[in-house]
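Shown next, in structure tokens, is the structure this report addresses.
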Amino acid sequence: MALKLPSVALPAMASFGSPKFSMASIVHPGLKKVENLKTTLMPHQDQQVQVKHSMPPQKMEIFKSLDKWVADNILIHLKSPEKSWQPQDFLPDSKSDGFFEQVKELQERAKGIPDDYFVVLVGDMITEEALPTYQTILNITDGIKDETGASLSSWAIWNRAWTAEENRHGDLLNKYLYLSGRVDMRQIEKTIQYLIGAGMDWKMENNPYLTFIYTSFQERATFISHKNTAKLAGEYGDTELAKVCGFIAADEKRHEAAYTKIIEKLFKIDPDETVQAFASMMRKRITMPAHLMYDGRDENLFDHFSTVAQRLGVYTTKDYTDVLEFLVDRWKVKELTGLSGDGRKAQDYVCELPLRLRKLEEKAHLIAKQAPTISFSWI
């Protein structure tokens, strides 16, 4: 929430014979421009004051001690650039004599796809393109940060290599959308610039317990979203686009496996702290990475995008609850023993939450179905 400064009475105008001035008259016009620019670049939603560095110092040793375990168990979920797919594998070849014919074929396939689908695909692409923010989050997280920018710690290698793999997703979708001829790329590019400038408010407190709960949840959520866009593209007759979304979904699934494995390890060595972190993130609610998206026009752009995704069945309230339920089962949270009083309360909360959320699914679907059609600047 934005802080409101108290109003201050300005001094009265000087009496006759004194120099006449007001406070406004001594404000340099350049300062006004700076303040106006700052306002423009700030997130277009009020943000709550966030807790920082909530992990107790003694817990740092846990993450330092896991360096070899990360090398042996987490880095195996990465692929070398030589064995990875690249965006060009799915796009028209600009050095080919048949390039323009390939572009025309891509555009012909795209013609039969509804606008709502492109709204979701653009939103997914913008989310992927905000990657600088995600790497920044990892590199300010206590215990796992890249101290030098080229650290050889296993945590730092994962952070950089994960970012490099994810970078292909935005590149591929961006180029596809540009070639499709179905979207306003300048408006999309503005939205990306606004979003990266706004940052994210994930409420993770520079705490790796909270961070890895979030990334486990989010990687599975993005896997579901891309999997569903792949399915719909196939139904609309664009098998090439279905392939694009499917390969991105497979990457997200692989990354999900890594992050959930980290939390599984933490549950084994520090179950009390980990289950409390799980409950903490779920009480705050897992916020999607692009929740601060803005295109210069629509103050509620993310909500409108989310409504379309719910209506199309790409990512829904049901999916959110399914992810939570999956993680509770994956980490065997119900079977935890030997917890403190706070740990048991956290355990009860996360285990009972899916049932409470299920009651909201039908209402959320109905609201999305009945929502008025919104015009998006991207389309």
Side-chain angles (χ1 to χ4, degrees), residues 43-48 113-128 130 191 195 200-203 213-233 235-236 245 249 252-253 256 278-295 298-330 333 348-376 378-379:
H44 284 261
Q45 297 176 23
D46 289 342
Q47 301 302 306
Q48 294 180 347
I113 300 177
D115 284 350
D116 270 2
Y117 179 88
F118 274 99
V119 168
V120 174
L121 196 64
V122 168
D124 283 354
M125 182 270 281
I126 289 169
T127 302
E128 297 285 354
T191 308
L195 180 58
M200 305 285 157
D201 184 20
W202 291 345
K203 302 178 178 63
I213 293 290
Y214 181 94
T215 53
S216 296
F217 194 105
Q218 188 56 41
E219 290 288 359
R220 185 161 183 85
T222 51
F223 157 68
I224 290 169
S225 180
H226 288 299
K227 180 188 71 172
N228 286 333
T229 55
K231 179 183 175 184
L232 284 173
E235 291 175 1
Y236 297 140
C245 297
E252 306 291 9
K253 183 70 173 171
E256 172 208 314
F278 194 6
S280 175
M281 284 309 302
M282 297 317 302
R283 286 192 178 99
K284 296 171 184 177
R285 293 187 296 179
I286 300 290
T287 306
M288 296 299 106
H291 71 111
L292 295 180
M293 70 165 58
Y294 177 64
D295 61 352
D298 187 351
E299 299 280 353
N300 299 304
L301 182 57
F302 180 77
D303 289 342
H304 294 149
F305 155 70
S306 299
T307 297
V308 176
Q310 171 85 32
R311 190 164 60 228
L312 280 185
V314 169
Y315 188 73
T316 67
T317 304
K318 179 182 183 304
D319 292 322
Y320 183 96
T321 308
D322 286 347
V323 173
L324 172 57
E325 211 164 49
F326 171 85
L327 294 176
V328 169
D329 292 342
R330 169 76 173 78
V333 179
D348 290 342
Y349 176 78
V350 294
C351 291
E352 294 168 2
L353 186 57
L355 185 60
R356 292 164 54 190
L357 292 177
R358 291 290 178 204
K359 298 175 182 177
L360 304 175
E361 290 175 10
E362 188 175 344
K363 182 180 180 181
H365 179 70
L366 188 62
I367 290 172
K369 190 176 180 181
Q370 294 177 343
T373 301
I374 299 294
S375 176
F376 286 82
W378 308 329
I379 307 301

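Model, not experiment: these values are computed from the prediction.
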- [ ] Output, in order, the C-alpha distance, side-chain angles, deciding distance and verdict of side chain to side chain contact (heavy atoms under 4.5 Å, CB included) for Leu355 and Glu352.
- [x] CA-CA 6 Å; Leu355 185 60; Glu352 294 168 2; 5.9 Å; no
Looking only at heavy atoms, the pair that brings Ala290 and Phe302 closest together is O-CD1, 3.3 Å
Hits for ring-ring contact (aromatic ring centres under 6.0 Å, His included) against Tyr214, two or more places apart or cross-chain, chain-then-number order -> Trp202
Scanning both residues in full, the closest heavy-atom pair of Ala368 with Arg311 reads O-NH1, 3.4 Å
| request: Please check if the side chain of Lys284 supplies one atom and the backbone of Lys203 the other of a donor-acceptor pair under 3.5 Å. | output: yes
Here the gap from His304 atom NE2 to Asp298 atom CG, rounded to the nearest 0.5 Å, amounts to 5.0 Å
OG1 (Thr127) and CZ (Phe305) are apart, to the nearest 0.5 Å, by 5.5 Å
Exercise. Would you say the side-chain atoms of Asp319 and Thr316 include a donor-acceptor pair closer than 3.5 Å?
Worked result: yes
Value for CD1 (Ile126) from CG (Leu121), rounded to nearest 0.5 Å, stands at 10.0 Å
Taking every heavy atom of Glu256 against every heavy atom of Ser216, the minimum-distance pair comes out as CG-O, 4.3 Å
**Study point:** 4.5 Å side-chain heavy-atom contact, Phe376 and Val122
**Key:** no
Tightest non-hydrogen contact, residues Cys245 and Tyr117, listed as SG-OH, 3.9 Å
- Query: Any salt bridge between Glu325 and Arg358, counting N to O under 4.0 Å?
  - Reply: yes
Please examine the side chains of Lys253 and Arg220, heavy atoms only from C-beta on, and report whether any two atoms are closer than 4.5 Å. yes
For Phe278, the ring-ring contact (aromatic ring centres under 6.0 Å, His included) test, sequence neighbours excluded, returns Trp331
Across all chains, not counting sequence neighbours, the ring-ring contact (aromatic ring centres under 6.0 Å, His included) partners of Phe118 are none
When rounded to the nearest 0.5 Å, the distance separating CD of Glu361 from CG of Asp322 is 6.5 Å
Tell me, do Gln218 and Ile286 make a side-chain contact under 4.5 Å, heavy atoms counted? yes
Interatomic distance, CG@Leu360 vs OG1@Thr321, rounded to 0.5 Å, equals 7.5 Å
Side chains of Thr222 and Tyr315: closer than 4.5 Å at any heavy-atom pair? no
Sorted by chain and residue number, the ring-ring contact (aromatic ring centres under 6.0 Å, His included) partners of Tyr320 (sequence neighbours excluded) come out as Phe217
Heavy atoms of Leu324 and Leu357 approach each other most closely as CD2-CD1, 3.9 Å
Are more than 12 heavy atoms from other residues, nucleotides or ligands located less than 6.0 Å from atom NZ of Lys231?
no
Residue set satisfying salt bridge (Lys or Arg N to Asp or Glu O under 4.0 Å) with Asp115, at least two apart, ordered chain then number -> Arg182
Minimal heavy-atom distance between Leu195 and Leu292, with the atoms involved, is CD1-C, 3.8 Å
| Does the side chain of Thr229 come under 3.5 Å of the side chain of Asp124 through a donor N or O and an acceptor N or O? | no
With sequence neighbours left out, the residues meeting salt bridge (Lys or Arg N to Asp or Glu O under 4.0 Å) with Glu128 are none
Value for CD1 (Ile367) from OG1 (Thr307), rounded to nearest 0.5 Å, stands at 9.0 Å
- [ ] Take Trp378 and Leu301, measure what side chain to side chain contact (heavy atoms under 4.5 Å, CB included) needs, and give me the verdict at the end.
- [x] CA-CA 11 Å; Trp378 308 329; Leu301 182 57; 3.5 Å; yes
Check your understanding: Any side-chain heavy atom of Thr317 within less than 4.5 Å of one from Glu362?
Key -> no
Paired with Met281, the side chain to side chain contact (heavy atoms under 4.5 Å, CB included) test is passed by just one of Val350, Thr287, Ile213, namely Ile213
